[in-house]
Amino acid sequence: MSHAISTKPPSGMRDFLAPDVVRRRHVLSIVQRVYESFGFVPLETPTIENLGTLLGKYGPEGDQLLYRVLHRREKLQRALAAGTVTELDLADEGLRYDLTVPLARVVANYRDLPTFYKRYQIQPVWRADRPAKGRFREFYQCDVDVTGSRSIVADAEVCGAVAQVLRELGFADFRLLCNHRELLRALVAEAGIAPESEALALVVLDKLDKVGADGVRKELAEKGVAADRTDALLAILAATRAPDALAVRARGDGPGAEGARDLLSLFAACAGGPAAAHLTFDPTLARGLGYYTGPIFEISCAGLAGSLGGGGRYDNLIGMFGKQQIPAVGFSLGLERMLLVMEERGMFPSLGIGPEVLLCRMSDVEAAAAIRVATQLRAQGLRVEVFAEAAKLGAQLAYASRIGAPFAAILGTSEVADGSVTLKDLTTGEQGKVAVGDVAARVR
RNA sequence: GUGGCUGUAGCUCAGUUGGUUAGAGCACCAGGUUGUGGUCCUGGGGGUCGCGGGUUCAAAUCCCGUCAGCCACCCCA
């Protein structure tokens, strides 16, 4: 079919039909309500950002995954006319990759925001990644962030907000993994691993629970890290998992002490909130995004390869947009990830879609009469569809069944004459004349 | 980016060691005469078998390429 236009959406992007939309809205409405209950205020930012805003914030792999917007018209012609053309010459805008960087730009741009700006943002983001199960090129993030505070209370609040969302959605078994960038850095240094191998070591460590200690040894050896260093690191990590290891480390003033103290303060601050039961210290948690500086978080859930969400503290990001360094911490939930698990586990309540009543009109009834009745029914709060065509009653009822309407209201000349409809319950087949004003009471 | 699997009707799939006009179920449309659906019966529309090339008297079937989709890994939400 070379001449036919493909009717599929682009790779990694999806259409959402009614049943999908109502499930998505169900989740989003809970996210929004819970976030607002924590005092966060909404923010929406443009789909497109200047490339200067986006580039260099996510690490080299991140830059590769940015969707870029090609120059138009003269600007494109001029760019193409230049001798050597690079990616940077062809575009100066791109689709947003996450919601954190746009927030950082906004905070740097609007200097009259409150000192402590608590915002939530629920919008799609785009990544030119290879699609896989639970991974799309267009997906929604549900972010909560607090800017302007270095206090660990802010960290505790964002953790509490996402934990409360998951609890209200019906998740019970998730873990909120925590670690600390400074602590990690100290552990790697302690193992005698050179600072330039640090990023490498962290990425591999992140996989420890998947590939095992031998896998980590092998992978780090391939990257040029000496075996005894890797063993030292693994031993230090194992020791750090011990129950009071954090407390011991926090007491001293050695490397990582401050990170350990941060984490202990965080656990203490969360104790009275919804995150308490889910917090888990995981010294191997690394997280890829380059801008994290302090505590880092990730939501893990049984049966899901990736995470439901992630976040952390990023005290240097906003400063990249202006002279003023403003600390910040945030958390992001992945809508599609939550939906995936909820679908697999059947966690949705019954969600009404479509009309509750299909108004069937006999061919000898004027359309205006049907619309008048439908208007009265809608005024009672009912969702009502008027069958558009003058068709046989059987066809109209078949259509009602097809779209899943629970009731049909039949309007013939006799019903018009006495201000009633024949209301038919399509589940039981029972029917009878009902005054138009009484229909809602019968349906509900 | 790496490895594997799969491409036949709108959807889920049959299609024998290559062999006449490529099938089923579901969905859709129409009928089974008057104002009764979801069950049942009958009929109908819809596919150049992902695309391109090769082997052969003959290809949905075998070979090569290509594109697309799915799964795992990597990474992430």
Handout entry: All pairs passing side-chain hydrogen bond (donor to acceptor under 3.5 Å, both in side chains) where residues 164-174 of chain A contributes a residue, at least two apart
Key = R33(A)-E168(A), Q164(A)-E168(A), R167(A)-H278(A), D173(A)-R345(A)
Problem - P-based separation of rC70(B) from rA60(B) [nearest Å] - result: 27 Å
Handout entry: Atom CZ of R383(A): over 12 foreign heavy atoms under 6.0 Å
Key = yes
Problem - With S332(A), the side-chain hydrogen bond (donor to acceptor under 3.5 Å, both in side chains) member among D98(A), T100(A), D143(A) - result: D143(A)
Handout entry: Any N/O donor-acceptor pair, R127(A) side-chain to rC76(B) base, under 3.5 Å
Key = no
Problem - Whole-Å distance separating the CG atom of L65(A) from the C1' atom of rA77(B) - result: 13 Å
Problem - Integer angstrom distance from the C1' of rU16(B) to that of rG23(B) - result: 14 Å
Fill in the blank from the handout: A correct dot-bracket answer for RNA chain B, with pairs being Watson-Crick or G-U at under 3.5 Å, [ ] for crossing pairs and | for inter-strand pairs, is (((((((..((((.....[...)))).(((((.......))))).....(((((..]....))))))))))))....
Exercise for the section: Report the distance from atom CG of L99(A) to atom C1' of rC76(B), rounded to the nearest whole Å. Expected result: 14 Å
Exercise for the section: Rounded to the nearest angstrom, tell me the gap between atom OH in Y120(A) and atom P in rA77(B). Expected result: 21 Å
Please tabulate, for side-chain N and O atoms in residues 361-373 of chain A, each donor-acceptor pair with protein atoms closer than 3.5 Å (sequence neighbours left out).
from    : atom 1 : to      : atom 2 : distance (Å)
R361(A) : NH1    : V365(A) : O      : 3.0

Problem - Whole-angstrom distance between rU6(B) and rU61(B), as gauged at atom C1' - result: 16 Å
Practice task
In whole angstrom, give me the gap between the C1' atoms of rU21(B) and rA58(B).
Solution key: 16 Å
Problem - Between rC57(B) and rG50(B) - P atom distance, rounded Å - result: 24 Å
Practice task
Would you check if the distance from the ring center of Y291(A) to the ring center of Y314(A) is below 6.0 Å?
Solution key: yes
Exercise for the section: Using atom CZ of R135(A) as one end and atom C1' of rC71(B) as the other, report the distance to the nearest whole Å. Expected result: 12 Å
Exercise for the section: Scan nucleotides 31-44 of chain B nucleotide by nucleotide, 5' to 3', and note B when protein non-hydrogen atoms come under 4.0 Å of the base, S if they reach only the sugar-phosphate, - if neither. Expected result: -S--BBBB------
Check the interface with nucleotides 65-70 of chain B: list each N/O to N/O pair with the protein under 3.5 Å, or write none.
from    : atom 1 : to     : atom 2 : distance (Å)
rG69(B) : OP1    : S11(A) : OG     : 3.2

Practice task
Give a yes or no on this: more than 12 heavy atoms of other residues, nucleotides or ligands lie within 6.0 Å of atom CD of E389(A).
Solution key: no
Practice task
Side-chain contact test, heavy atoms from C-beta onward, threshold under 4.5 Å: evaluate it for R313(A) versus P327(A) and give yes or no.
Solution key: yes
Exercise for the section: Give a yes or no on this: more than 12 heavy atoms of other residues, nucleotides or ligands lie within 6.0 Å of atom CZ of R24(A). Expected result: yes
Problem - Neighbour count >12 (heavy atoms, 6.0 Å) for atom CZ, R241(A) - result: yes
Exercise for the section: Please measure how far the C1' atom in rC11(B) lies from the corresponding atom in rC75(B), and state the result in whole Å. Expected result: 33 Å
Handout entry: Value rounded to 0.5 Å, distance of CZ in R181(A) from CG in L285(A)
Key = 9.0 Å
Problem - Between rC76(B) (P) and Y58(A) (OH): distance, integer Å - result: 14 Å
Exercise for the section: Return yes if some donor-acceptor pair links the side-chain N/O of D282(A) with the main-chain N/O of T284(A) below 3.5 Å, else return no. Expected result: yes
Practice task
Pick the C1' atom in rU12(B) and in rU42(B), then give their distance to the nearest Å.
Solution key: 25 Å
Practice task
Would you kindly give the CG-to-P distance between L177(A) and rC76(B), to the nearest whole Å?
Solution key: 14 Å
Problem - Whole-Å distance separating the CZ atom of F139(A) from the P atom of rA77(B) - result: 7 Å
Exercise for the section: Could you tell me the separation between the CD atom of Q396(A) and the P atom of rC29(B), rounded to a whole number of Å? Expected result: 14 Å
Handout entry: P-based separation of rG37(B) from rG31(B) [nearest Å]
Key = 13 Å
Exercise for the section: Could you tell me whether a side-chain N or O of N179(A) sits under 3.5 Å from a main-chain N or O of P283(A), the two making a donor and an acceptor? Expected result: yes
Practice task
Identify, with sequence neighbours excluded, every residue that meets ring pair (Phe, Tyr, Trp, His ring centres under 6.0 Å) alongside Y399(A).
Solution key: F387(A)
Practice task
Please work out if I299(A) contacts a base, only the sugar-phosphate, or nothing of the nucleic acid, heavy-atom cut-off 4.0 Å.
Solution key: nothing
